[in-house]
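What you are looking at is a predicted structure, and each value in this text was computed from that prediction instead of being measured.
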Amino acid sequence: MKPLKIAGIGYCVPETVITNDDLTKLYETSDEWIYSRTGIKERRVVSGNETAIDLGYNAAQKALNKSGFKPEDIDCIISAASAPPQLYPTLSCTLQTKLGIPNQVPAFDLTAACTGLIYALQVARGFIGAGIYKTILIVAADNNSKITNWEDRGTSILFGDGAGAMVVTESDDGVDDILSIDISADGSIGQMIQTNMPSQCCPLVEQADEVGTGKIIMNGKDVYKFAVSTVPAYVEKCIEKSGMKSEDIDYLIPHQANQRIIESIQNRLKYTDDKVISNIKYYGNTSAASIPIALVEGVEQGKIKLGSTAVLCGFGAGMTWGAAVIRLRKGIC
Ligand code: COA
């Protein structure tokens, strides 16, 4: 397989902040309840006409700038989108035009919820590794706030909006930035997190008993149990596959779903706090965007030094999960 280089990474979050105290205007809850169970203090949400397309566009611009590639260098676009503003045209096709990427390149979305970034990276790796495409733009962007049931205090406390983007390309120095990567799924437990599309049958036939609401429905307890029982051991296996020892990897950059889930992975790897990147406090769960947001913000805040290695891991609806051990080259963000 041809080696892959991670050339640039960017992120974007909306300006509008909703604090835990703000949520007390919607239902009976408290900052103490939310923070102690999730580690979340606030989240960002789109407002007015702003959507995940705007966030994805800004994140992609930043990733392109850092990578040194121009829109015309991109020969494939893959977006991880689970809560996009529209099903089609896809986020990828819309961004293709907005970013001025020439029309002939393929552009498609994949849905793997909060694992979307790792899924997209694995697909991109296959394309680059096989020599099918050379330089791929990956975008992870969701406006979760538009599909959140704001009357459900069990789910609406968790989610926020955001976008992350990565430019990956065939490596020009023979070094592969993916030391190991794996993706997985178990549809038999998929009912734990659902978003069922609003729909209707043809008016000439019997109607279905239930129609979707288009909102997130989640069994938080089951998701929590699934995450802490599956993800930590899985991450350890992915590290083993990379040929590295967990202590030799510089950072853990996990999906930001719940601080206690992050800590369960941290404890398994026996990592000290300085090796674990967590910004859930300020953004909540931004689904597939959470890993690139945490990564780039970690660099901006001096928590991550580039020229290092990191283990990424994601999990979410499907149920899906995935992990990757990657090199973080200098200058990527
Ligand atoms: N404020 C105050 N009380 C709340 C509340 C809120 N925001 N949400 C729920 N409660 C109440 C419930 O009504 C329940 O009350 P009851 O015992 O009187 O019925 C009680 O708190 C316990 O609710 P429960 O849902 O069992 O809480 P929990 O301890 O499981 O915490 C989550 C809920 C959502 C924080 C937790 O399950 C979680 O984080 N799960 C993982 C979800 C996740 O990460 N999803 C995305 C994966 S990508």
Side-chain angles (χ1 to χ4, degrees), residues 11-48 50-52 54-55 82-83 113-114 140-164 192-195 213-228 231 252-267 273 276-298 300-301 303 314-317:
Y11 80 97
C12 175
V13 288
E15 290 284 312
T16 310
V17 176
I18 302 290
T19 65
N20 290 346
D21 284 336
D22 291 331
L23 294 180
T24 63
K25 294 176 199 150
L26 298 179
Y27 37 66
E28 185 74 37
T29 190
S30 66
D31 175 54
E32 196 280 321
W33 196 98
I34 300 170
Y35 184 62
S36 62
R37 278 168 183 78
T38 67
I40 300 167
K41 280 268 179 196
E42 56 190 50
R43 67 288 292 141
R44 304 287 187 99
V45 297
V46 292
S47 70
E50 188 182 30
T51 70
D54 304 297
L55 307 179
S82 320
C114 303
D142 279 320
N143 40 222
N144 291 310
S145 64
K146 285 179 179 266
I147 63 160
T148 295
N149 176 358
W150 289 102
E151 290 174 2
D152 177 4
R153 61 183 184 166
T155 58
S156 56
I157 55 169
L158 298 174
F159 295 98
D161 300 334
M192 283 182 195
I193 315 178
Q194 302 174 44
T195 299
T213 61
K215 306 283 183 205
I216 302 169
I217 304 167
M218 184 184 70
N219 182 328
K221 256 198 181 6
D222 285 353
V223 174
Y224 185 87
K225 282 188 216 150
F226 154 78
V228 296
V231 181
L252 164 66
I253 311 173
H255 169 47
Q256 312 280 311
N258 181 309
Q259 183 60 30
R260 291 186 297 156
I261 298 174
I262 294 174
E263 284 163 12
S264 74
I265 307 165
Q266 171 175 3
N267 293 341
D273 288 350
V276 182
I277 307 304
S278 169
N279 63 1
I280 189 170
K281 190 171 177 183
Y282 303 106
Y283 301 112
N285 180 342
T286 54
S287 49
S290 83
I291 293 172
I293 294 174
L295 197 169
V296 181
E297 202 194 57
E300 287 170 354
Q301 296 179 345
K303 293 180 195 162
F315 56 91

Which atom pair, heavy atoms only, marks the closest approach of Ile293 to Gly162?
CD1-CA, 4.1 Å
I want to check something: taking the side chain as every heavy atom from C-beta on, are Val46 and Thr51 in contact at a cut-off of under 4.5 Å?
no
Calculate, to the nearest 0.5 Å, the distance between atoms CG and CD1 belonging to Asn279 and Ile253 respectively.
10.5 Å
Check whether any side-chain N or O of Asp161 sits under 3.5 Å from a backbone N or O of Asn144 as a donor-acceptor pair, and report yes or no.
yes
Which atoms form the tightest heavy-atom contact between Ile277 and Ala294, and what is the distance?
CG2-O, 3.4 Å
What closest approach, in Å, do Pro292 and Gly164 show between heavy atoms, and which atom pair accounts for it?
CG-CA, 3.7 Å
Would the number of heavy atoms belonging to other residues, nucleotides or ligands and lying under 6.0 Å from CD of Glu28 be above 12?
no
Please find the pair of heavy atoms, one from Ser290 and one from Pro254, that lie closest to each other, and give the distance.
OG-O, 4.5 Å
When you look at Thr155 and Lys215, which way does the side-chain contact (heavy atoms from CB on, under 4.5 Å) test go after all the steps?
CA-CA 10 Å; Thr155 58; Lys215 306 283 183 205; over 6 Å; no
Do Thr286 and Asp142 have side-chain heavy atoms sitting under 4.5 Å apart?
no
Within a strict 4.5 Å, meaning less than it, do heavy atoms of the Thr29 and Ile34 side chains meet?
yes
Are Leu55 and Glu50 side-chain neighbours, meaning at least one heavy-atom pair lies under 4.5 Å?
yes
Is Cys114 close to Asn285 at the side-chain level, that is, under 4.5 Å between some pair of heavy atoms?
yes
With rounding to the nearest 0.5 Å, note down the distance linking CD1 in Ile18 to CG in Leu23.
7.0 Å
Please report the interatomic distance CD(Glu300) to OH(Tyr11), rounded to the nearest 0.5 Å.
4.0 Å
Calculate, to the nearest 0.5 Å, the distance between atoms CG and OG belonging to Asn258 and Ser278 respectively.
10.0 Å
Minimal non-hydrogen separation, Ala140 against Ala289, with atom names
O-CB, 3.6 Å
Taking atom CD1 of Ile216 and atom NZ of Lys146, what is their separation to the nearest 0.5 Å?
13.5 Å
On a heavy-atom basis, which atom in Asn20 and which in Tyr35 lie closest, and how many Å separate them?
ND2-N, 4.1 Å
Can a donor-acceptor pair be found between the side chains of Asp273 and Gln266 at a distance below 3.5 Å?
yes
Backbone of Ser145 reached by a side-chain donor or acceptor of Asn143 within 3.5 Å:
no
Restricting to ring pair (Phe, Tyr, Trp, His ring centres under 6.0 Å), what partner residues turn up for Phe315, sequence neighbours left out?
His255
Using side-chain contact (heavy atoms from CB on, under 4.5 Å), reason through Leu252 and Ile265 one step at a time and then give a plain yes or no.
CA-CA 9 Å; Leu252 164 66; Ile265 307 165; 3.9 Å; yes
Sub-4.5 Å side-chain heavy-atom contact between Ile157 and Ile40
no
May I ask you to check whether Tyr282 and Glu297 show a side-chain donor-acceptor distance below 3.5 Å?
no
Judged by modelled atom types alone, do Asn219 and Asp222 share a side-chain donor-acceptor pair under 3.5 Å?
yes
Thr19 versus Asp31: any side-chain heavy-atom pair under 4.5 Å?
no
Look only at the side chain of Gln256 and the backbone of Lys281, and say whether a donor-acceptor pair between them is shorter than 3.5 Å.
no
Do Tyr224 and Arg37 have side-chain heavy atoms sitting under 4.5 Å apart?
no
Using ring pair (Phe, Tyr, Trp, His ring centres under 6.0 Å) as the criterion, list what pairs up with Phe226, not counting sequence neighbours.
Trp321
